[in-house]
Chemist: 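I'd like to ask some things about the structure below.
Residue numbering restarts at 1 for every chain, and letters A, B, ... go by the order of the sequence lines.
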Amino acid sequence: MRSRLDFFRKFPTKLNFLSEISGMDRAPRVFYSPPLSKRGLMRLSTYFLPLLRENPAEAQIVSHRLMLRAGMIRQSSAGIYSWLPLGLRVLHNIEAIVRAEQDAAGAQELLMPTIQPAELWRESGRYDDYGEEMLRIRDRHDRDMLYGPTNEELITDIFRQNIKSYRDLPKNLYHIQWKFRDEVRPRFGVMRGREFLMKDAYSFDLDLASARRSYNKMFLAYLRTFARMGLKSIPMRADTGPIGGDLSHEFIVLADTGESQVYCDKAWLETDILASTVDYDDDLQPFFDQWTRLYAATEEKHDAANCSVPADRLLAARGIEVGQIFFLGTKYSKPMNAVVAGPNGEQIVPEMGCYGIGVSRLVAAIIEASHDDAGIIWPKSVAPFDAGLVNLRAGDAACTDASDALYQTLRNAGIDTLYDDRAESAGAKFAAMDLIGLPWQIVVGPRGLQKGVVEVKNRRTGQREDMTAETALNRLRAAS
RNA sequence: CGGGGCGUAGCUCAGCCUGGUAGAGCGCCAGCUUUGGGAGCUGGAUGCCGGAGGUUCGAAUCCUCUCGCCCCGACCA
């Protein structure tokens, strides 16, 4: 402690401002921007992408196997993973879509810490209720802390400290943060990890009608969010579970390898949320009613005997839960005394809602829903790169020159490209590209060069087509 | 938390039963030859056989304990 004081005496506080030390306040406010040609060169010869040829023994489901094989993640301990460059790119893309749609729905992003004080959880009563799943920590001062499994208490605390008037409502606050739940049995890679990235939003409203509007906004936002990732999600009425409240929907993505058995009306397959022009400011109740009219139930809720859907229209499928929304009522606001003053000075206990999206789980869910025997097939909205450029013969000067030139052209055109410039055999390169699943592959080889063409392959359809480099560029431009 | 299984080279695995100087394929490194769907040849490197203790002249192998990981179930964004 003594030495710290000495330090501050020696260096007066104002010298802690960089500008005062170096005169940077006079420096022009222009940041160094490297030329495009130097920015983030993504050459496979130097990119950190450890691919596995064989399936790791511990991975059972396809998304876990492919994420390991494609060099996206590596396990650190049970249910805890490091995200390698390729995986992190996908995670960021998914995060961006979630964020964009939350913002559009009127939610505001903030960031709460991963470590929380036990005190708040004692207020809500959950410190004792939550059980072994919550990772409890004691700091050096013997204070009880915990690694947050969720954030209702913390957001309610922030709310009550800073929002005092009915005029400030409604509010919807969200963050995207790592959570920890000490699952007894983590499995399936990031599908059910102990540490996971989650978007959680919390709404505060003056009355039930307003809370209902907040709920409906998130309902729409969720349908749109998943659709933008190329996923068809189906909202299913759900149990509220230990979080509480009495209105809740799970958003299930259909995938053959999904964890839960679900039943729904086949008409769900025909729906297209992105075609809907409904706006967040509209009255969303008719929309909500329409989108909950069709039958959909998880195995727990499904009752074959009393199912309203005729057998020929009933679809039995596997599904993955990628999000859940809850109406909470005053479950947290009341015990934690989060109140605002009403128009007449009366105290109003806000109605709350909470809304979760499993961001890291979505990476796995998308793979489960979109892959083939050769590897991943990324929807373009979340793909780690728009395209892969393959120099089929890295030892050949003409091939390399043409590939280098095309790489520059693609980059200048804003097409995010991973350039395979390795001296590998053709087969190995094709296999690697298929495995990591970029939407487009552009193959530059000696055979095509003689005819003045490159080959463009669509990963999803498998269709391959020869065209000039210029046409290829236009094709990719049009596609992105 | 109940039940089951597995820890040997970067990966997939053999060796263990029946103790006797650590293995294969792929990957990695070097060289040469190849080159349009995971190339060939030659040479090379790589292991506290998960950890600790015990039995034994001698332990990857047998015994005890322990740690880690995976699977089924219950639980779960």
Side-chain angles (χ1 to χ4, degrees), chain A residues 50-61 64-65 68-69 71 74-80 98 130-134 148-151 176-201 222 226 233 238-239 241-243 248-253 259-260 298 300 320-326 354-365 373-375 390-396 399 420 422-435 441 443-451 453-455 457 462 464 466:
Chain A
L51 302 176
L52 300 178
R53 191 168 174 153
E54 289 173 273
N55 283 324
E58 76 266 19
Q60 298 298 315
I61 65 167
H64 189 194
R65 285 203 288 253
L68 288 166
R69 286 192 54 210
R74 285 294 181 265
Q75 181 167 349
S76 156
S77 59
I80 303 179
V98 170
Y130 215 93
E132 291 289 301
E133 229 178 63
M134 184 156 73
T150 175
N151 282 67
I176 298 175
Q177 178 64 289
W178 291 92
K179 304 282 190 289
F180 194 90
R181 293 184 191 170
D182 200 358
E183 300 265 355
V184 195
R185 191 184 154 214
R187 60 187 129 160
F188 304 147
V190 300
M191 188 78 84
R192 179 172 316 293
R194 290 194 292 171
E195 188 182 54
F196 57 97
L197 188 61
M198 181 177 173
K199 186 284 300 182
D200 40 325
Y222 275 39
F226 302 130
S233 69
D239 285 326
I243 296 183
S248 177
H249 284 87
E250 277 180 23
F251 290 78
I252 302 282
V253 163
E259 283 188 83
S260 4
T298 57
E300 303 80 55
I320 300 166
E321 185 189 343
V322 289
Q324 186 164 9
I325 60 180
F326 298 86
C354 79
Y355 316 90
I357 289 180
V359 176
S360 47
R361 169 181 285 186
L362 272 168
V363 180
D373 290 343
V390 177
N391 177 2
L392 214 46
R393 197 152 319 164
D396 179 272
C399 263
D420 188 352
R422 299 170 305 162
E424 288 290 329
S425 72
K429 291 187 171 208
F430 291 136
M433 274 300 163
D434 286 349
L435 175 61
Q441 298 169 17
V443 179
V444 178
R447 213 163 71 188
L449 274 189
Q450 293 205 327
K451 294 183 283 182
V453 296
V454 298
E455 182 186 275
K457 174 178 167 180
R464 289 183 280 187
D466 284 346

Chemist: CD of Q441(A) versus P of G36(B): gap in Å, rounded?
Modeler: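 Nearest whole value for this atom pair: 17 Å.
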Chemist: In this structure, how many angstroms lie between the C1' atom of A77(B) and the CG atom of L362(A), rounded?
Modeler: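 L362(A) atom CG is separated from A77(B) atom C1' by 9 Å.
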Chemist: Now, which nucleotide makes the Watson-Crick or G-U wobble pair with G73(B), with each of the two distances under 3.5 Å?
Modeler: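 Pair assignment: G73(B) / C1(B).
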Chemist: Find the distance Q60(A):CD to C69(B):P and express it as a whole number of Å.
Modeler: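 Answer to the nearest Å: 16 Å.
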Chemist: Return the value, rounded to whole Å, for the distance between atom CD of E54(A) and atom P of C28(B).
Modeler: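 Spelled out: CD on E54(A) to P on C28(B) is 13 Å.
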Chemist: Please determine, for U64(B), whether a Watson-Crick or G-U wobble partner exists with both distances under 3.5 Å, and give it or none.
Modeler: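 Across all strands, the one nucleotide that pairs with U64(B) is A52(B).
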Chemist: Watson-Crick or G-U wobble partner for U35(B), using a 3.5 Å limit on both distances?
Modeler: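 Here U35(B) is not engaged in any pair, so there is no nucleotide opposite it.
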Chemist: Taking atom P of C70(B) as reference, at what distance in whole Å does atom NE2 of H64(A) sit?
Modeler: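 Going from NE2 in H64(A) over to P in C70(B) covers 8 Å.
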Chemist: To the nearest Å, give me how far apart CD (E58(A)) and C1' (G50(B)) are.
Modeler: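 The answer, rounded to whole Å, is 15 Å.
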Chemist: Can D434(A) and Q441(A) be counted as having a side-chain donor-acceptor contact under 3.5 angstrom?
Modeler: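 Q441(A) and D434(A) do have a side-chain donor-acceptor pair below 3.5 Å.
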Chemist: Taking atom P of A77(B) as reference, at what distance in whole Å does atom CD of E195(A) sit?
Modeler: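 The answer, rounded to whole Å, is 18 Å.
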Chemist: Counting only Watson-Crick pairs (N1-N3 plus N6-O4 or O6-N4) and G-U wobbles (N1-O2, O6-N3), all under 3.5 Å, who is the partner of A24(B)?
Modeler: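 Result: U12(B).
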Chemist: Would you say R53(A) reaches C26(B)'s phosphate, i.e. side-chain N/O to OP1/OP2 under 4.0 Å?
Modeler: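 No.
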Chemist: Using Watson-Crick or G-U wobble geometry with both distances under 3.5 Å, which nucleotide pairs with G43(B)?
Modeler: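 Matched G43(B) with C29(B) under the 3.5 Å cut-off.
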Chemist: Tell me whether the ring of F196(A) lies stacked over the A77(B) base, given a 5.5 Å limit on centroids and a 30° limit on the plane angle.
Modeler: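 One would call F196(A) stacked on the A77(B) base.
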Chemist: Could you tell me the separation between the CZ atom of R393(A) and the P atom of A39(B), rounded to a whole number of Å?
Modeler: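 Between P of A39(B) and CZ of R393(A): 14 Å.
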